[in-house]
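One structure is given below, encoded as structure tokens.
Side-chain atoms are counted along with the backbone in the values below, which use heavy atoms only and exclude waters and symmetry mates. All of these numbers come straight from a predicted model, not from anything done at the bench.
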Amino acid sequence: MSNAPAHVEKGLAGWKALLETGDPSALDDVLAEDAVMISPVVFTPQRGKDITKLYLAGAEQVLNNEHFRYVGEWLSESGAVLEFETRIGDIAVNGVDMITFDADGKITEFKVMVRPLKAINALHAAMGEMLERLKGA
């Protein structure tokens, strides 16, 4: 049991449940209206619930595969840092999700950092393809 505030625990539980189900429609329940997505492959922050939802839905499909697992977790008064490992094809990906929650446990900021460079390049290509598909859907 952690000593993180209840809103962080609630928000984190909602995020992890979404990953378990793989249902992107659950993003409506976990994102704040003014949510911001900070991607490792896009220069500027993406602001607003709709664009954040699009990026997270794409990332969920690209990264949340049979290899995805969180390997570390650090909680604060306002959020969490979750270290993850996964694969894109034959490329090992190591990264962190830095998530900030509002008082209701909704995600207000989602920042992703990824390493190594080979993984960033693979993520950039895969996310580009996935976002095009999602925008067309």
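Checked by atom type and distance alone, the side chain of Asn64 never pairs as donor or acceptor with a backbone atom of Gly22 at under 3.5 Å. A side-chain donor-acceptor contact under 3.5 Å links Thr108 to the backbone of Thr100.
Nearest heavy atoms, Thr52 versus Ala35: OG1-O, 3.3 Å. Shown here for Ala126 and Ile88, the closest heavy-atom pair between the two residues is CB-CG2, 4.4 Å. Between Val114 and Ala119 the shortest heavy-atom distance is CG1-CB, 4.0 Å. Across all non-hydrogen atoms, the minimal contact from Glu9 to Ala4 is OE2-CB, 3.7 Å. Of all non-hydrogen atoms in Ala92 and Arg87, the two that sit nearest each other are CB-NH1, 3.6 Å. Closest of all the heavy-atom pairs between Pro24 and Ala57 is CB-CB, 4.0 Å.
Side-chain contact between Leu134 and Gln61: present, with at least one pair of heavy atoms (C-beta onward) separated by less than 4.5 Å. Ile107 has its side chain within reach of Phe101: a pair of non-hydrogen atoms, C-beta onward, lies under 4.5 Å apart.
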Distance-only check: which donor-acceptor pairs under 3.5 Å involve side-chain atoms of residues 10-19, not counting sequence neighbours?
{"unit_1": "Lys10", "atom_1": "NZ", "unit_2": "Asp104", "atom_2": "O", "d": "3.2"}
{"unit_1": "Trp15", "atom_1": "NE1", "unit_2": "Tyr70", "atom_2": "OH", "d": "2.9"}
{"unit_1": "Lys16", "atom_1": "NZ", "unit_2": "Glu73", "atom_2": "OE1", "d": "2.4"}

For residues 25-34, tabulate all N or O donor-acceptor pairs below 3.5 Å that involve a side-chain atom, not counting sequence neighbours.
{"unit_1": "Ser25", "atom_1": "OG", "unit_2": "Asp23", "atom_2": "OD1", "d": "2.7"}
{"unit_1": "Ser25", "atom_1": "OG", "unit_2": "Asp23", "atom_2": "OD2", "d": "2.9"}
{"unit_1": "Asp28", "atom_1": "OD1", "unit_2": "Lys53", "atom_2": "NZ", "d": "3.0"}
{"unit_1": "Asp28", "atom_1": "OD2", "unit_2": "Lys53", "atom_2": "NZ", "d": "3.0"}
{"unit_1": "Glu33", "atom_1": "OE2", "unit_2": "Lys49", "atom_2": "NZ", "d": "3.3"}

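Side-chain heavy atoms closer than 4.5 Å link hydrophobic residues (I, L, V, M, F, W, Y) into clusters, and following such links, even through other members, never connects Ile91 to Leu63. Ile38 and Phe84 end up in different hydrophobic clusters when Ile, Leu, Val, Met, Phe, Trp and Tyr side chains are linked at under 4.5 Å. In this structure, Val112 is not a member of the same hydrophobic cluster as Val36, with clusters built from ILVMFWY side-chain heavy atoms closer than 4.5 Å.
Under the 4.5 angstrom side-chain criterion for Ile, Leu, Val, Met, Phe, Trp and Tyr, the cluster partners of Val81 are Trp74, Val96, Met98, Met113.
Atoms CD and OG1, from Glu60 and Thr21 in turn, are 7.5 Å apart once rounded to the nearest 0.5 Å. Taking CD1 of Ile51 as the start and CE of Met37 as the end, the distance is 10.0 Å to the nearest 0.5 Å. Note: Phe68 CZ to Glu85 CD = 10.0 Å, rounded to the nearest 0.5 Å. Here the CZ-CD distance, from Arg69 to Glu83, works out to 9.5 Å after rounding to the nearest 0.5 Å.
Atom NE2 of His124 sits in a sparse spot, with 12 or fewer heavy atoms from other residues, nucleotides or ligands closer than 6.0 Å. More than 12 heavy-atom neighbours from other residues, nucleotides or ligands sit within 6.0 angstrom of CG on Asn121.
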